[in-house]
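Worksheet: one structure, shown below.
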Amino acid sequence: MDKAALVTGGSSGIGFAIASMLQENGFALTLAARTATKVEAAAEQLGAHAVTADVGNDEDCRRLVEEHRAQHGRLDVLVNSAGVGIAGPIDELETKHIDLQLNVNLRGTILVTAAALPLLRESHGLIVNLASIAGTSPSPHLPVYGASKAANFTIALNKGEEKHGVRATALSPGFVDTPMTSWAPVPPEQMIRPEDCAEVVRALLRLSPYARLPHIVIERASSSDLGA
């Protein structure tokens, strides 16, 4: 194959939906996730290379990119979809839960992206960072999650990578029907589908090299009563 993609958090939810779309569009794939059995099962389903990795760990962030390079030799699309959300008022969140969200959602995204940039510069590639509407319309119930899922890093990344032809998009959906939102005060049937996020990424792939969408917000159609 002449194009390849790396998807973190690729074993389920939004990451798996995007990976499935990329596979349909002819991309060779690497899927990365923390649980070996889940990522291996997902990779087998899509004919992808599986990497067991925790993006909260520095060495894992570098290793998963190296394993992708060794397997596929190039990188055209990086999808940073690994994430964790823990709800609660800021004064009630345990420090370990604050650290976990910042390490996985923000620090992990930054470290994986930094490791992948040499390959992405070669291909003039695309980066998709799964952010959240909680980073655009802050919620008192998701203060740390919202801070870790804002679009700021992606926007800054675009400015820094213009000269290399690398483009980045922050995708900020409201509640998406995935295992991570099982706690949410919204019925699953009223949530955004993971496939909706994949369709947005499909549209990004169709843009010319001269167009860039730095930030896309996906609202729930019935979101007037709730912030997400």
Side-chain angles (χ1 to χ4, degrees), residues 6-19 31-35 38-39 51-65 77-90 92-117 126-158 168-184 191-192 194 197-198 200-201 214-218 227-228:
L6 166 59
V7 183
T8 71
S11 63
S12 65
I14 297 172
F16 183 77
I18 293 174
L31 303 186
R34 287 181 295 177
T35 306
K38 290 182 179 180
V39 73
V51 178
T52 304
D54 177 1
V55 299
N57 178 279
D58 300 20
E59 292 184 3
D60 280 12
C61 290
R62 292 185 289 269
R63 177 176 57 81
L64 70 90
V65 173
V77 177
L78 169 64
V79 180
N80 286 303
S81 185
V84 59
I86 301 171
I90 189 64
E92 296 180 11
L93 284 174
E94 297 182 45
T95 301
K96 65 179 181 181
H97 291 157
I98 294 172
D99 290 344
L100 176 63
Q101 293 178 90
L102 293 175
N103 285 342
V104 172
N105 299 346
L106 180 57
R107 186 169 174 270
T109 292
I110 292 171
L111 291 177
V112 172
T113 300
L117 276 177
L126 171 68
I127 301 167
V128 178
N129 293 326
L130 265 296
S132 171
I133 203 168
T136 302
S137 301
S139 165
H141 304 292
L142 294 166
V144 178
Y145 181 77
S148 68
K149 285 286 191 174
N152 302 55
F153 168 65
T154 305
I155 294 169
L157 183 63
N158 271 319
T169 296
L171 188 57
S172 295
F175 287 126
V176 180
D177 184 16
T178 69
M180 200 174 84
T181 57
S182 59
W183 61 270
M191 292 185 183
I192 296 161
C197 298
V200 173
V201 178
H215 188 201
I216 300 173
V217 176
I218 307 176

Suppose we screen for salt bridge (charged side-chain N to carboxylate O under 4.0 Å, His left out). Which residues come up paired with [X], at least two apart in sequence or across chains?
| X | answer |
| --- | --- |
| Asp58 | Arg107 |
| Asp60 | Arg63 |
| Arg62 | none |

Does some side-chain heavy atom of [Y] sit less than 4.5 Å from a side-chain heavy atom of [X]?
| X | Y | result |
| --- | --- | --- |
| Leu64 | Val55 | yes |
| Val144 | Ile90 | yes |
| Cys197 | Val176 | yes |

For Thr136, check side chain to side chain contact (heavy atoms under 4.5 Å, CB included) against everything at least two apart and list the hits.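 For Thr136 the side chain to side chain contact (heavy atoms under 4.5 Å, CB included) partners, ignoring immediate neighbours, are Ser172, His215, Val217.
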Pairing residues for Ser81 by the side chain to side chain contact (heavy atoms under 4.5 Å, CB included) criterion, not counting sequence neighbours: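 If we apply the side chain to side chain contact (heavy atoms under 4.5 Å, CB included) test to Ser81, skipping adjacent residues, the hits are Ile14, Val79, Leu130.
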CA sep, side-chain torsions, deciding dist, call: Val51, Val39, side chain to side chain contact (heavy atoms under 4.5 Å, CB included): CA-CA 7 Å; Val51 178; Val39 73; over 6 Å; no
Closest approach of [X] and [Y], non-hydrogen atoms and distance?
| X | Y | answer |
| --- | --- | --- |
| Leu31 | Gly10 | CD1-O, 3.6 Å |
| Ala17 | Ala198 | O-CB, 3.5 Å |
| Ala131 | Pro173 | O-CD, 3.7 Å |
| Leu78 | Val112 | CD1-CG1, 3.9 Å |
| Gly174 | Ile192 | N-CD1, 3.4 Å |
| Cys61 | Gly108 | SG-O, 4.1 Å |

Got a second to check how far [X]'s [atom1] is from [Y]'s [atom2], nearest 0.5 Å?
| X | Y | atom1 | atom2 | answer |
| --- | --- | --- | --- | --- |
| Asn152 | Leu157 | CG | CG | 12.5 Å |
| Gln101 | Leu142 | CD | CG | 8.0 Å |
| Glu59 | Leu111 | CD | CG | 11.5 Å |
| Ile86 | Ile98 | CD1 | CD1 | 9.5 Å |
| Ile155 | Thr169 | CD1 | OG1 | 10.5 Å |
| Asn158 | Phe153 | CG | CZ | 10.0 Å |

Partner set under side chain to side chain donor-acceptor pair (under 3.5 Å) for Asn129, not counting sequence neighbours: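 Asn129 satisfies side chain to side chain donor-acceptor pair (under 3.5 Å) with Asn80, Thr154 once adjacent residues are dropped.
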Could you walk me through whether Val200 and Val128 pass side chain to side chain contact (heavy atoms under 4.5 Å, CB included), step by step? CA-CA 10 Å; Val200 173; Val128 178; over 6 Å; no
Any donor-acceptor pair under 3.5 Å linking the side chain of Asn105 with the backbone of Val84?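 Yes, because the side chain of Asn105 sits within donor-acceptor range (under 3.5 Å) of the backbone of Val84.
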Would you check if the side chain of Ser148 reaches a backbone N or O of Tyr145 as a donor-acceptor pair within less than 3.5 Å?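 Confirmed, Ser148 side chain pairs with Tyr145 backbone.
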